[in-house]
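Structure, as structure tokens:
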Amino acid sequence: YAKVILLIFTAISVYLFIMFLDDYFIQSPYKTAKAMNYGNLEFAYWLNGNVNKNDKVIVSTTISEPHIYVAFANKWDPKSYQEATRSWKYQELGLGWLDQMPEYKLGNYTFRRINWLSENKDNFLIGKPDEFPTELSPKILIKYPDNSPAVYIVTPQKFEYAQKSF
């Protein structure tokens, strides 16, 4: 009788352990991608490799703290970064978060909400899918692990990139 109980206990334990491993290593990326800001570092790395210092880049503040990802991917010198941030003064405006500012800049990057109708299409535009027309097919699309769109990168019309997904 004890061997049967031990066998059942072992089988249940092994099953639960396998379910834990599946949930932790396989299901977790799908379940937590949006909450973990998946795609933010990917867009910043793409920009770092494809944008020149003379190109104008508009990054939406709907992407949580986008300036951090841009600075990290560009390997921005911390001293230069700190000097650039002095002009932001969001606390002096009575704001609790930098993303509440209407606009702020870091080098050739401007951080603000995207208004598709009034945007200059000669700029790089980076934002969440709901900031762009539903019929828009961006040249660069960063997807969540479940294959849904995470971040759109709309390149200037003068650039020709093959449609690419990450």
Report yes if some heavy atom in the side chain of [X] is under 4.5 Å from a heavy atom in the side chain of [Y]; otherwise report no.
{"X": "V70", "Y": "F111", "result": "yes"}
{"X": "T61", "Y": "Y104", "result": "yes"}
{"X": "F124", "Y": "V154", "result": "no"}
{"X": "P66", "Y": "D99", "result": "yes"}

Does [X] share a hydrophobic cluster with [Y], counting links as ILVMFWY side-chain heavy atoms below 4.5 Å and allowing steps through other members?
{"X": "I12", "Y": "Y15", "answer": "yes"}
{"X": "I153", "Y": "L41", "answer": "no"}
{"X": "I68", "Y": "V51", "answer": "yes"}
{"X": "M36", "Y": "Y45", "answer": "no"}

Distance (rounded to the nearest 0.5 Å) between [X] [atom1] and [Y] [atom2]:
{"X": "N120", "Y": "L125", "atom1": "CG", "atom2": "CG", "value": "8.0 Å"}
{"X": "N52", "Y": "K56", "atom1": "CG", "atom2": "NZ", "value": "15.5 Å"}
{"X": "L95", "Y": "Q100", "atom1": "CG", "atom2": "CD", "value": "5.0 Å"}
{"X": "Y69", "Y": "S64", "atom1": "OH", "atom2": "OG", "value": "6.0 Å"}
{"X": "Y144", "Y": "Y38", "atom1": "OH", "atom2": "OH", "value": "10.0 Å"}
{"X": "L6", "Y": "S13", "atom1": "CG", "atom2": "OG", "value": "9.0 Å"}

Between W116 and K121, is there a cation-pi geometry (under 6.0 Å to ring centre, at most 45° from the normal)? yes

On a heavy-atom basis, the closest approach of I114 and E131 is N-OE2, 3.3 Å

Which pair of heavy atoms, one from A150 and one from P129, lies closest together, and at what distance? O-CD, 3.3 Å

I need the single residue from I140, I63, N48 that forms a side chain to side chain contact (heavy atoms under 4.5 Å, CB included) with F43. Which is it? I63

Ring pair (Phe, Tyr, Trp, His ring centres under 6.0 Å) between Y81 and W76, worked out: CA-CA 6 Å; Y81 178 82; W76 221 286; 7.2 Å; no

Which atom pairs, one a donor and one an acceptor, fall under 3.5 Å between side chains of residues 19-31 and the rest of the protein, sequence neighbours left out?
unit_1, atom_1, unit_2, atom_2, d
D23, OD1, K31, NZ, 2.6

Start with the C-alpha distance between S118 and N115, add both sets of side-chain angles, then the distance that settles side chain to side chain contact (heavy atoms under 4.5 Å, CB included), and finish with yes or no. CA-CA 6 Å; S118 63; N115 182 347; 3.5 Å; yes

Between M101 and W88, does the side chain to side chain contact (heavy atoms under 4.5 Å, CB included) criterion hold? Intermediate values first, please. CA-CA 8 Å; M101 284 186 64; W88 296 348; 4.2 Å; yes

With side chain to side chain contact (heavy atoms under 4.5 Å, CB included) as the test, would you mind laying out the steps for V59 and T110 before giving the verdict? CA-CA 6 Å; V59 182; T110 301; over 6 Å; no

Identify whether the distance between the nearest side-chain nitrogen and carboxylate oxygen of R113 and E119 falls below 4.0 Å. no

Any chance you could lay out the side chain to side chain contact (heavy atoms under 4.5 Å, CB included) test for I126 and V57, step after step, and finish with the verdict? CA-CA 8 Å; I126 295 84; V57 182; 3.6 Å; yes

I'd like to know whether H67 forms a ring pair (Phe, Tyr, Trp, His ring centres under 6.0 Å) with Y109, so could you lay out the CA-CA distance, the side-chain angles of the two residues, the decisive distance to 0.1 Å, and finally the verdict. CA-CA 8 Å; H67 55 281; Y109 293 86; over 10 Å; no

Counting only N and O atoms by type, is there a donor-acceptor contact under 3.5 Å from the side chain of E103 to the main-chain atoms of R112? no

For K79, does its backbone N or O pair with a side-chain atom of Q82 as donor and acceptor, under 3.5 Å? no

Any residue meeting salt bridge (charged side-chain N to carboxylate O under 4.0 Å, His left out) with K34, in chain and number order, not counting sequence neighbours: none

